[in-house]
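Reviewing the structure listed below.
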Amino acid sequence: MKKYEPAKIRDKWQKIWEETGAHKAKEAKNRPKFYCLDMFPYPSGAGLHVGHWRGYVLSDVIARYQKLHGKSILHPMGYDAFGLPAENAAIKSNRHPKEFTLKAIERFREQLKQIGAMYDWSREINSSEPQYYKWTQWIFLQLYNAGLAYRKKAPVNWCGSCQTGLANEQVVGGECERCQTKVTKKELTQWFFKITKYAEKLLNNLTKLDWPERTKILQTNWIGKSEGALLKFKVDQTDLEIEVFTTRIDTLFGSTFMVLAPENKVVQAITHPKYIDEVQNYIEKTKNESDVYREKEHRKKTGVFTGAYAINPINSKKIPIWISDYVLMGYGTGAVMCVPGHDKRDFDFAKKFNLEITQVISPNGKKDENILPYLDNGVLINSGKYNGLKSAVAKNTMIKDLNSVNSAEFQTNFRLRDWLISRQRYWGAPIPIVYCDMCGEVPVDEKDLPVLLPENIEFKPKGDSPLKQSKEFVNTKCPKCGTKAMRETDTMDTFVDSSWYFLRFTDPQNLHELSSSKNINTWMPVDLYIGGIEHATMHLLYARFISMALHDLKILGFDKDGEPFKKLFNIGLIYLHGAKMSKSKGNVINPDELVEKYSSDALRGYEMFVGPNDQDSEWQVSGIVGIYRFLEKVWQYSLSTEFKNSTSRENLSIINFTIKKVTQDIENFRINTAIASLMSAFNHLDNKISKKDYGLIIQILSPIFPHIAEEIWQELGNHKSVFESYWPVSDKSKVILDNINLAVQVNGKLKDIILVTNNIDEESAKNAALTEKVKSAINNKNIYNIIYIPGKIINFVLK
RNA sequence: GCCCGGGUGGCGGAAUGGUAGACGCGAUGGACUUAAAAUCCAUUGAGGAUAAAACCUCAUGCGAGUUCGAGUCUCGCCUCGGGCACCA
């Protein structure tokens with residue numbers, strides 16, 4: 001008998017798959033399509049570890065399973081190759097980012113191939129190549145022409161170490177997502193994508209998506225919709241008005257002061273001459289503070305009085321106007337009506353500066369200032385004609401009343417900010433814009449794309465875009481008037497590259513279009529998208545935005561609402577010794593060695609067996625041994641069994657039961673229990689089996705263990721690939737259910753287990769259940785009820 | 001502070017409200033071997049009881065509740081992990 005030599009088998013079948021083009025995505029002719037996508041990796045120098053494998057194996061299991069259901073599969077792979085890490089690593093190792101990246105990609109490709117996944121390598125993409133980023137730039141132009149890309153001077157999150165601006169999404173806990181440097185504020189003229197225009201749609205569409213609930217919640221919170229009112233407060237003794245946003249108009253009678261953000265331009269106009277020095281000092285001071293400090297928790301309230309007063313529109317009361325850094329310029333109007341009785345922050349501020357605190361909401365309609373600040377809704381008091389109304393009612397009434405005198409309107413605010421895409425770094429796609437003295441800001445002509453990233457350049461960061469140093473790059477002609485012009489020297493955030501790559505996979509070699517509409521319509525949307533939850537508020541939000549925008553611009557029309565990812569699955573992280581696996585922590589397990597020692601199939605199996613795929617799991621160093629032993633067992637059984645003409649009843653029962661279980665488990669992405677039931681099947685199979693029936697078991701283990709399955713399938717006398725076969729259907733009638741174990745309980749406690757026939761009637765079951773053990777447990781007491789669940793339990797309930 | 005997700009043997013983990021611990025790792029004992037590895041067989045939640053069994057009790061983070069019956073449902077806590085956070 002042949003020895004189980006997994007490396008030989010792997011090499012043999014990977015070669016066959018490649019030579020026969022088994023994994024080439026073929027056009028769907030009367031076959032449903034299935035687009036199965038992994039989040040394309042950033043090719044780091046460190047290579048893959050077993051944590052990366054997990055998602056790739058799962059997607060491949062599903063892709064192969066779908067293939068066995070007759071679908072045409074698009075299962076591509078590529079590299080998110082632009083970006084800061086490559087640039088930083090390149091600087092460190094004193095190589096060009098391009099050279100560094102290409103080398104890393106080579107290694108990644110080699111490692112990825114070991115998985116034996118059904119990737120269509122002819123569609124591989126690399127986001128740092130001109131033929132790719134040409135279309136990144138093209139998308140920029142489409143957004144620009146549609147008014148969805150714009151430039152403005154704004155304080156941006158600045159990472160002093162990476163020497164670049166960052167999007168809000170890339171600031172984690174006040175630190176740079178990449179290098180953990182404290183992020184500071186810097187005024188720069190930057191490019192933005194108007195993602196806020198899609199805030200409502202991005203939010204509403206979530207309900208239609210088959211995504212994990214927690215991911216949807218993350219996006220919902222990130223978008224941060226809040227509904228309330230925009231109120232106008234007149235500034236006393238002036239013609240000025242200040243608008244404020246509030247969700248608690250019901251507390252308006254309790255608004256005893258107003259606070260403006262120090263950056264609010266109206267501050268200059270209203271400040272009383274007497275207070276000007278103090279106010280200017282405060283503004284200067286806060287300007288230099290970093291956002292980190294400003295947003296620090298438990299921070300003591302600071303602020304100064306402007307000397308001006310506002311008129312509360314509901315009761316015409318004069319209230320003092322202060323400035324304080326706890327009011328943010330970027331949200332609402334940069335001005336807040338302060339209700340110290342019913343807001344924690346306003347309460348702290350009022351206490352510190354001795355401002356009036358009035359209770360206007362009460363849980364029971366009675367005054368009790370000891371409960372302040374009282375933050376819940378309740379019943380209005382001290383609120384004139386609104387007294388006695390519940391908060392919800394008062395909100396509607398008051399807003400309508402004030403609206404009739406033009407002092408209020410309904411308004412919705414979002415926490416989501418526009419997406420800052422400018423990066424003052426080298427390794428990214430140049431922004432296709434030129435600046436001309438005559439015409440100003442001019443987009444590059446589409447026919448002149450791509451704007452090539454110059455290669456011969458000093459790319460070390462100096463706080464300014466490295467591209468500025470390249471005269472050949474900077475100096476150009478204006479596309480409009482032909483006179484001298486200068487190119488934009490910032491590059492695009494790499495999240496722009498990754499926000500559309502799934503579209504390119506549908507037609508990766510197309511030189512004339514991003515993708516032909518035929519190809520887009522054939523393959524989009526992505527049927528299954530697998531990746532980590534860390535992208536919930538970044539990539540997954542950006543990609544949805546770009547898809548929707550292109551869809552609305554009628555540029556790409558693949559789905560009713562432009563949603564790119566129908567189903568999302570968040571793969572759990574792999575932990576080792578209780579910590580997330582990562583190179584920097586030094587707790588990385590290299591898949592290469594495991595593949596070498598135990599085979600690709602065994603590692604695939606263990607990746608799936610380590611735990612439920614949507615949960616983080618601890619890697620057990622010796623866990624893979626169990627899978628390897630199982631594969632040995634399968635091999636032994638397959639090659640040592642003398643196949644018969646027919647199959648024993650018991651085996652048929654096992655086979656059909658297992659088909660059902662494995663099918664259900666794969667459908668639910670529970671590959672761990674699918675493997676468990678396959679193991680269990682082999683623990684119980686006897687030798688009376690036909691080739692044909694045994695083949696069914698090989699078919700159902702093939703998505704997880706494709707190499708060994710192909711080999712055995714061939715040994716069984718099949719001439720075509722197992723993946724050209726069709727997934728078997730469980731024959732329920734073959735599952736033996738003659739005798740079943742019936743649990744016998746007394747008062748809900750297990751006392752005995754009896755073997756009864758499946759179709760036993762209730763009366764006989766009851767009689768059979770009264771065994772000696774059960775009788776002694778009943779102990780002659782009165783039986784007051786008997787619960788009988790056929791096939792499961794019988795419970796004698798005693799008085 | 002608010003919003004998610006976890007907590008089950010020595011370990012990873014199974015369990016449509018119905019026999020808790022499937023499947024696997026590890027461990028212990030045995031077989032094979034000159035020996036080891038590999039492989040195979042057996043045992044393996046804790047405690048008590050017994051010559052050995054039968055058997056008994058306790059066990060799914062803690063405490064209540066619903067139910068004939070709760071790891072699973074409800075309420076209140078503890079704890080670990082993640083997200084947001086002066087967002088008006």
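The analysis underlying the following values was restricted to heavy atoms, covering all of them including side chains, and did not include hydrogens, waters or symmetry mates. Sequence lines set the chain letters: A, B, ... in the order given, protein chains first and strands last, and positions in each chain run from 1.
Glycosidic conformation at rG47(B) (O4'-C1'-N9-C4 for purines, O4'-C1'-N1-C2 for pyrimidines): anti, more than 90° from 0.
With hydrogens and angles ignored, a donor-acceptor pair closer than 3.5 Å exists between the side chain of Lys792(A) and the base of rU16(B). One can find a donor-acceptor pair under 3.5 Å joining the base of rC86(B) and the side-chain atoms of Lys301(A).
Checking rA22(B) for Watson-Crick or G-U wobble geometry (two distances, each under 3.5 Å) identifies no partner in any strand.
The nearest heavy atom of RNA chain B to Ile789(A) and to Phe414(A) marks one nucleotide each, and the one closer to the 5' end goes with Ile789(A).
Nucleotide rG82(B) holds its P atom 18 Å from the CG atom of Asp614(A), rounded to whole Å.
Base contact: Ile787(A) has a heavy atom under 4.0 Å from a base atom.
If you look at Trp419(A) and Phe192(A), their ring centroids are not closer than 6.0 Å. Phe257(A) and Phe349(A) have their aromatic ring centers within a separation under 6.0 angstrom.
Straight-line distance between the C1' atoms of rU16(B) and rG26(B): roughly 32 Å, to the nearest whole Å. Using atom C1' as the reference point in both rC40(B) and rA46(B), the two lie 30 Å apart (nearest Å).
Within the 4.5 Å cutoff, side-chain heavy atoms of Tyr4(A) are placed close to those of Leu631(A).
When only modelled atom types and interatomic distance are considered, Thr286(A) and Asp325(A) share no side-chain donor-acceptor pair under 3.5 Å.
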